[in-house]
Amino acid sequence: KASHKALNRRSVVEKRLLLALDQRNLDVYYQPLIDTASKKVIAMEALVRWHDEEIGTVTPDELIPIAEETGLISEIGMFMLEKACLQAVEWHTQGHDLKVSINSSIREFRGKNVAKTMLEIIERTGCPTTSIHLEITEKFALEAESETSIMAQMRTLEQAGISFILDDFGTGYSSLRYLSQLPIHTVKIDQSFIRDLTQDNQSIIKTIIQLAHAMNLSVVAEGVETEEQEQFLVENLCHELQGYLYSRPMPLNTFQQFLDNHPQQKTI
Ligand code: C2E
Ligand code: CA
Ligand code: CA
């Protein structure tokens, strides 16, 4: 009975999602990434938000798996990419040199033309490719390793100037081979390690940071909520920080105010 209910919910969500995509009714929230050394805002991560008038708020944790299963994730991905690119261009015009990070699911890379479609969208918006970071998970990386077409698409995007971030680092299948075989520029330490700074987690965090330094990768910590966590990460030379301590993900108008009140990288 419970599974019948779940199935029903899924089909309702799917139906409403089709409509929302059609009407471009999804929202983008932005969360800043802070450069540890300068304390400046250097990038923002775009996160999908969806409030449907009939079924209410659908969280990313519910939305993304359904979208992945139904294939609608590609449309969410393209929607987010276009919105984030247009916003990055707008910020550049205002004099803010901000990179923009977009989350990508493996499912999006199954299509043969993802790289091409993404590059077309980016070009249309006038956003420099070097401003774009694509966040992928270790699960993605695992599949990418086995699928040469996905690897090829990643290389195409990398050659065009896009950087890849390995998200939720440390929680996946942890094959360190991805770091050398895929075009990864940054690792993002999973928030579960940061949340609870036990001795073990401290050791894991230090090891990941050292690994990143040794491999010339950039390293970000997410889920930074306290000054104690910040201090630990600063002492251990983590390059970038993200979390509620700086800001929750915000709608555009709030992010704009945040930018106006915080130091950040300027263009020129
Ligand atoms: P993620 O990419 O790991 O994103 C970080 C999540 O942690 C976000 O949840 C963010 O709101 C939350 N967060 C940020 N700072 C803190 C903090 O200091 N403490 C705590 N407790 N949480 C923090 P959100 O927005 O609900 O997204 C959940 C997941 O859904 C994301 O995890 C990502 O995997 C996926 N997602 C979100 N937007 C998109 C999208 O546009 N496309 C795809 N493919 N996936 C998305
Ligand atoms: Ca992410
Ligand atoms: Ca993450």
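Start at 1 and go down the list; that is how both ligands and their atoms are numbered.
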Discussion item. So, 3.0 Å as the limit: is an N/O/S atom of Asp190 located closer than that to the Ca ion (ligand 3)?
Written reply: no
Discussion item. I'd like to know if the Ca ion (ligand 3) has an N/O/S atom from Asp168 within less than 3.0 Å of it, counting both backbone and side-chain atoms.
Written reply: yes
Worksheet item: At a non-hydrogen distance cut-off of under 4.0 Å, which region of Val224 contacts ligand 1 (side chain, backbone, both, or neither)?
Response: backbone
Worksheet item: Can you tell which part of Thr137 has a heavy atom less than 4.0 Å from ligand 1: side chain, backbone, both or neither?
Response: neither
Fill in: Donor-acceptor pair, side chain of Glu135 and main chain of Ile165, under 3.5 angstrom
no
Worksheet item: Considering only the protein, which heavy-atom contact is closest to atom 3 (O) of ligand 1, and what is its distance?
Response: Asp168 OD1, 3.3 Å
Fill in: Side-chain ion pair, Glu82 and Arg24, N-O less than 4.0 Å
yes
Worksheet entry | Identity and distance of the protein heavy atom lying nearest atom 35 (C) of ligand 1 | Ile64 CG1, 4.0 Å
Discussion item. With a 3.5 Å distance limit and no angle check, can you tell me whether Asn113 reaches the backbone of Lys116 through a side-chain donor-acceptor pair?
Written reply: no
Worksheet item: Would a distance-only check, ignoring hydrogens and angles, find a side-chain to backbone donor-acceptor pair under 3.5 Å from Asn8 to His4?
Response: no
Worksheet item: Right, does atom 27 (O) of ligand 1 have protein non-hydrogen atoms nearer than 4.0 Å?
Response: yes
Worksheet item: ligand 1 versus Gln242, non-hydrogen atoms closer than 4.0 Å: side chain, backbone, both, neither?
Response: neither
Worksheet item: Any donor and acceptor pair, going by atom type alone, linking the side chain of Ser218 with main-chain N or O of Thr186 inside 3.5 Å?
Response: no
Item to complete: Would you confirm whether any non-hydrogen atom of the protein falls under 4.0 Å from atom 32 (O) of ligand 1?
Response: no
Response to the item:
atom 5 (C) of ligand 1 sits nearest the protein heavy atom Glu222 OE1, 3.7 Å
Discussion item. For Gln229, is there any backbone N or O sitting under 3.5 Å from a side-chain donor or acceptor partner on Thr226?
Written reply: yes
Item to complete: Find out whether Leu252 and Gln87 are in side-chain contact, i.e. whether some heavy atom of one side chain is under 4.5 Å from a heavy atom of the other.
Response: yes
Practice prompt. Please confirm whether Thr59 comes under 4.0 Å of ligand 1, counting heavy atoms of the residue only.
Written response: no
Item to complete: Please write down residue, atom name and distance for the protein heavy atom closest to atom 1 (P) of ligand 1.
Response: Asp167 OD2, 4.0 Å
Discussion item. Under 3.5 Å, is there a donor on one side chain and an acceptor on the other for Glu45 and Tyr29?
Written reply: no
Discussion item. Can you tell whether the side chains of Glu120 and Arg124 come within less than 4.0 Å, N to carboxylate O?
Written reply: no
Worksheet item: Does the protein put a heavy atom under 4.0 Å from atom 22 (N) of ligand 1?
Response: yes
Worksheet entry | Residue, atom name and distance, where the atom is the protein heavy atom closest to atom 9 (O) of ligand 1 | Arg49 NH2, 4.6 Å
Worksheet item: Hey, does the side chain of Asp35 reach the backbone of Ser38 with a donor-acceptor pair shorter than 3.5 angstrom?
Response: yes
Worksheet entry | Asp27/His51 under side chain to side chain contact (heavy atoms under 4.5 Å, CB included): CA gap, chis, key distance, verdict | CA-CA 8 Å; Asp27 283 322; His51 180 84; 5.6 Å; no
Worksheet item: Just by modelled atom types, is the Thr59 backbone N or O under 3.5 Å from a matching donor or acceptor in the Glu62 side chain?
Response: no
Worksheet item: Can you list the atoms of ligand 1 that are under 4.0 Å from a heavy atom of Ser105?
Response: 44 (N)
Discussion item. So, 3.0 Å as the limit: is an N/O/S atom of Ser101 located closer than that to the Ca ion (ligand 2)?
Written reply: no
Worksheet item: Checking Asp190 side chain against Gly170 main chain: does a donor-acceptor pair fall under 3.5 Å?
Response: no
Practice prompt. May I ask you to identify, for Val48, whether its side chain, its backbone, both or neither come under 4.0 Å of ligand 1 on a heavy-atom basis?
Written response: both
Item to complete: Provide the atom name of the closest N, O or S atom of Glu135 relative to the Ca ion (ligand 2).
Response: OE1
Discussion item. Do Ile204 and Phe169 land in one hydrophobic cluster if side-chain heavy atoms of ILVMFWY residues count as linked below 4.5 Å?
Written reply: yes
Discussion item. Please list the nearest protein heavy atom to atom 11 (O) of ligand 1 with its residue and the distance rounded to 0.1 Å.
Written reply: Pro249 CG, 3.3 Å
Practice prompt. Identify, by atom number and element, the atoms of ligand 1 in contact range of Pro60, meaning under 4.0 Å from any of its heavy atoms.
Written response: 24 (P), 25 (O), 26 (O), 27 (O), 28 (C), 30 (O), 37 (C)
Practice prompt. Take every heavy atom of Arg195, measure it against each atom of ligand 1, and state whether any distance is under 4.0 Å.
Written response: no
Item to complete: Indicate, as side chain, backbone, both or neither, the part of Glu45 found under 4.0 angstrom from ligand 1 when only non-hydrogen atoms are considered.
Response: side chain
Worksheet entry | Ser247 side chain vs Gly243 backbone, donor-acceptor pair below 3.5 Å | no
Worksheet item: With respect to atom 10 (C) of ligand 1, which of Ile136, Ile73, Leu47, Asp61 exhibits the smallest heavy-atom separation?
Response: Leu47
Worksheet item: With distance as the sole test, does Ser131 use its side chain to make a donor-acceptor pair with the main-chain N or O of Cys127 at under 3.5 Å?
Response: no
Worksheet item: Contact between Lys188 and ligand 1, counting heavy atoms under 4.0 Å?
Response: no
Practice prompt. For Gly243, counting its heavy atoms only, list the atoms of ligand 1 lying under 4.0 Å from any of them.
Written response: 15 (N), 18 (O)
Worksheet item: What is the name of the N/O/S atom in Glu45 that sits closest to the Ca ion (ligand 2)?
Response: OE2
Practice prompt. Would you mind checking if Glu69 and Arg10 are paired as a salt bridge, meaning a charged N to carboxylate O distance below 4.0 Å?
Written response: yes
Worksheet, complete the sentence: ang(OE2 Glu222, the Ca ion (ligand 3), OD1 Asp167) rounded to 10° is 100°
Discussion item. Please list the nearest protein heavy atom to atom 18 (O) of ligand 1 with its residue and the distance rounded to 0.1 Å.
Written reply: Tyr244 N, 2.8 Å
Response to the item:
among protein heavy atoms, the one nearest atom 42 (N) of ligand 1 is Asn103 O, 3.6 Å
